[in-house]
2 protein chains.
Amino acid sequence: MARDTRKAMVLTAVELLRERGADGITLDTLVNRSGAPRGSIYHHFPGGRTQILDEAVQLGGDTIASLIADSADGDPIALLDSIAAFWRKTLTDSGFTAGCPVVSAAISSAPDSPLVRHAQQIFATWRGQLIERLTADGLNATTAGRLATMCIAAIQGAIIMCRTEASVQPLDDVAGELQVLLSARSLFCQTDAPADRRGTT
Amino acid sequence: MARDTRKAMVLTAVELLRERGADGITLDTLVNRSGAPRGSIYHHFPGGRTQILDEAVQLGGDTIASLIADSADGDPIALLDSIAAFWRKTLTDSGFTAGCPVVSAAISSAPDSPLVRHAQQIFATWRGQLIERLTADGLNATTAGRLATMCIAAIQGAIIMCRTEASVQPLDDVAGELQVLLSARSLFCQTDAPADRRGTT
DNA sequence: GTCTATACGAAGATAGAC
DNA sequence: GTCTATCTTCGTATAGAC
């Protein structure tokens, strides 16, 4: 039962992070929602609130990382589809209360806080995974790097808009446009081809 | 001096929102940073902290809205450039502490809070402005709508990544990819052309 | 218009009993 | 492992003097 309590608390922390940002995680709310006994807090998490926050961010990051790793059928467009599907489900299942816990932590913490550095690591992990997938599909390194950033940024931005306006439309729009972009890029930016001409911007 | 104090307080509120989210705005910090006298709080803002939050979000939204309205040279790519330039400057000038106040407010507030609804309105305004610009450039309505969402989402996502990793690289990458996408779209999705084939996703 | 003082509540953390 | 105080700090808001 010990493990279960611990896990329930971290899962609840992720929920709160999704809904209200880092400051939404108060120990009171955490205990009430998770049903965990109050006395368990500092037993399971000697580092107190800080440790819980950190583990919640890590779990949030791992969820997406696993998602990317698991759908290893090679095709980047199929991968995008499963990521979009995951978020569509998360958003609707929660009644559009749940955003991305990693982004929440990044935004609602001081710029130099450990939590922001943690979020940075997670973004880098996701990006690395995507780059690997895109280059495996034949894209040159430069384009793959830019597209990986683009995918993460666009989807995260769309999630924010979806939660804000309680609709999956932004995600649908963004997923569609990313698909167009990926298709175009995969036609013209193969490994052997020269990198795209890029403007100053 | 009254107006100045008031304005300074709202500007400081925007700063705090950018740096730490809604919960970063405490009246103590606000007064200390802005240099405003403590007694001015409820004099200038009878609605208290809530009112200050609201005005800060509004000001943040207006800043971008004016930016879009002011650079009315017609060309969507030029418009994107000025938006990207604005954020590049904001990020670097602040030492990568400042994100978008509207996004901050949206994320660090309860999903059903007035602040989130306010953020939604602002997103809608931006989107409307962009759509107008894209259709004026000849794009059909469907594509313009999707692209407008895409631009806002991708740039907002990029800003988050930039602030998190203290680099403008994500913004540069995203701006470049958006340019590619806009160019491709403007070639194939003019008003008279049929809407793009879109998949289930 | 602005100041100080204070009421009131919420939150994190610790101590010691069970 | 868990519970119940309790300490301390912090934050909003109000009251009343200047």
Side-chain angles (χ1 to χ4, degrees), chain A residues 1-57 101 104-105 107-110 112-116 118, chain B residues 1-57 101 104-105 107-110 112-116 118:
Chain A
M1 202 59 88
R3 278 281 103 151
D4 282 359
T5 296
R6 223 197 106 94
K7 190 152 200 170
M9 292 179 77
V10 179
L11 280 173
T12 303
V14 172
E15 272 182 37
L16 293 172
L17 209 45
R18 286 190 195 279
E19 293 171 16
R20 299 236 311 108
D23 299 275
I25 304 190
T26 68
L27 300 183
D28 264 3
T29 321
L30 193 62
V31 161
N32 290 337
R33 270 240 220 164
S34 66
R38 223 202 153 70
S40 300
I41 299 179
Y42 290 88
H43 175 72
H44 289 301
F45 306 91
R49 184 176 173 278
T50 305
Q51 183 181 354
I52 299 178
L53 258 287
D54 214 55
E55 293 197 22
V57 170
S104 286
I107 285 191
S108 58
S109 307
D112 58 345
S113 71
L115 219 51
V116 170
H118 197 167
Chain B
M1 201 61 90
R3 277 281 100 152
D4 282 359
T5 296
R6 224 198 106 93
K7 191 151 198 169
M9 292 179 77
V10 179
L11 279 173
T12 303
V14 173
E15 273 184 36
L16 293 171
L17 208 45
R18 285 190 196 279
E19 294 171 17
R20 299 238 308 110
D23 299 275
I25 304 190
T26 68
L27 300 184
D28 264 4
T29 320
L30 192 62
V31 161
N32 290 336
R33 270 240 221 165
S34 65
R38 216 197 160 73
S40 299
I41 300 180
Y42 289 87
H43 175 71
H44 290 300
F45 306 91
R49 182 176 175 278
T50 305
Q51 184 183 352
I52 299 178
L53 258 288
D54 215 55
E55 293 197 23
V57 170
S104 286
I107 286 190
S108 58
S109 307
D112 58 345
S113 71
L115 220 50
V116 170
H118 196 166

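A quick note: this is a predicted structure, and the numbers were derived from the prediction, not measured. Lettering follows sequence order; numbering is per chain, from 1. Hydrogens, waters and symmetry mates are skipped; everything else that's a heavy atom, side chains included, is used.
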Report all side-chain donor-acceptor pairs from residues 9-18 of chain A shorter than 3.5 Å, counting only partners two or more places apart or in another chain.
residue: A/Thr12; atom: OG1; partner: A/Ala8; partner atom: O; Å: 2.8
residue: A/Glu15; atom: OE1; partner: A/Arg33; partner atom: NH1; Å: 2.6
residue: A/Arg18; atom: NH1; partner: A/Gly99; partner atom: O; Å: 2.8

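The NE2-C1' distance, from A/His44 to D/dT2, rounds to 9 Å in whole Å. Nucleotide C/dA11 holds its P atom 14 Å from the CG atom of A/Leu53, rounded to whole Å. Regarding B/Phe45, its CZ atom lies at a distance of 19 Å from the P atom of D/dG11, rounded to whole Å. Following rounding to the nearest Å, A/Ile25 (CD1) and C/dA10 (P) show an atom-to-atom distance of 19 Å. For A/Ile41 and C/dA11, the CD1 to C1' distance is 11 Å, given to the nearest whole Å. Regarding B/Asn32, its CG atom lies at a distance of 16 Å from the C1' atom of C/dT2, rounded to whole Å.
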For nucleotides 13-18 of chain D, give me one character per nucleotide, 5' to 3': B if any protein heavy atom sits under 4.0 Å from the base, S if the only such contacts are to the sugar-phosphate, - if neither. BB----

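The side chain of A/Ser40 contributes an N or O atom lying less than 4.0 Å from OP1 or OP2 of D/dT2. Look at B/His43 and you'll find a side-chain N or O under 4.0 angstrom from OP1 or OP2 of C/dG1.
Taking the side chain to side chain contact (heavy atoms under 4.5 Å, CB included) definition, one finds that B/Ser109 meets it with B/Ala22, B/Ser113, B/Leu115, B/Val116, sequence neighbours left out. Not counting sequence neighbours, the partners of A/Asp28 by the side chain to side chain donor-acceptor pair (under 3.5 Å) test are A/Arg38. With sequence neighbours excluded, the residues forming a side chain to side chain donor-acceptor pair (under 3.5 Å) with A/Thr26 are A/Thr29, listed by chain and number. Not counting sequence neighbours, the partners of A/Asp54 by the side chain to side chain donor-acceptor pair (under 3.5 Å) test are A/His118. Taking the side chain to side chain contact (heavy atoms under 4.5 Å, CB included) definition, one finds that B/Pro37 meets it with B/Thr5, B/Ser40, sequence neighbours left out.
Note: B/Arg49 CZ to B/Leu30 CG = 9.5 Å, rounded to the nearest 0.5 Å. The NE2 atom of A/His43 sits 10.0 Å away from the CZ atom of A/Arg6 when rounded to the nearest 0.5 Å. The structure places CD of A/Gln51 at 12.0 Å from CD1 of A/Ile41, a figure rounded to the nearest 0.5 Å. Summarising the geometry, atom CG belonging to A/Leu27 is positioned 10.5 Å from atom CZ belonging to A/Phe45; distances are rounded to the nearest 0.5 Å.
Within the nucleic acid shown, B/Ile52 has no heavy atom closer than 4.0 Å to any nucleic acid atom. Across all strands, B/Leu30 comes closer than 4.0 Å to no nucleic acid atom at all (heavy-atom distances).
Within a heavy-atom distance below 4.0 Å of DNA chain C, no residue of residues 8-17 of chain A is found.
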If you restrict it to nitrogen or oxygen atoms, what contacts under 3.5 Å exist between nucleotides 6-10 of chain D and the protein, and what is each distance?
none

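Closest of all the heavy-atom pairs between A/Ala36 and A/Val31 is O-CG1, 3.1 Å.
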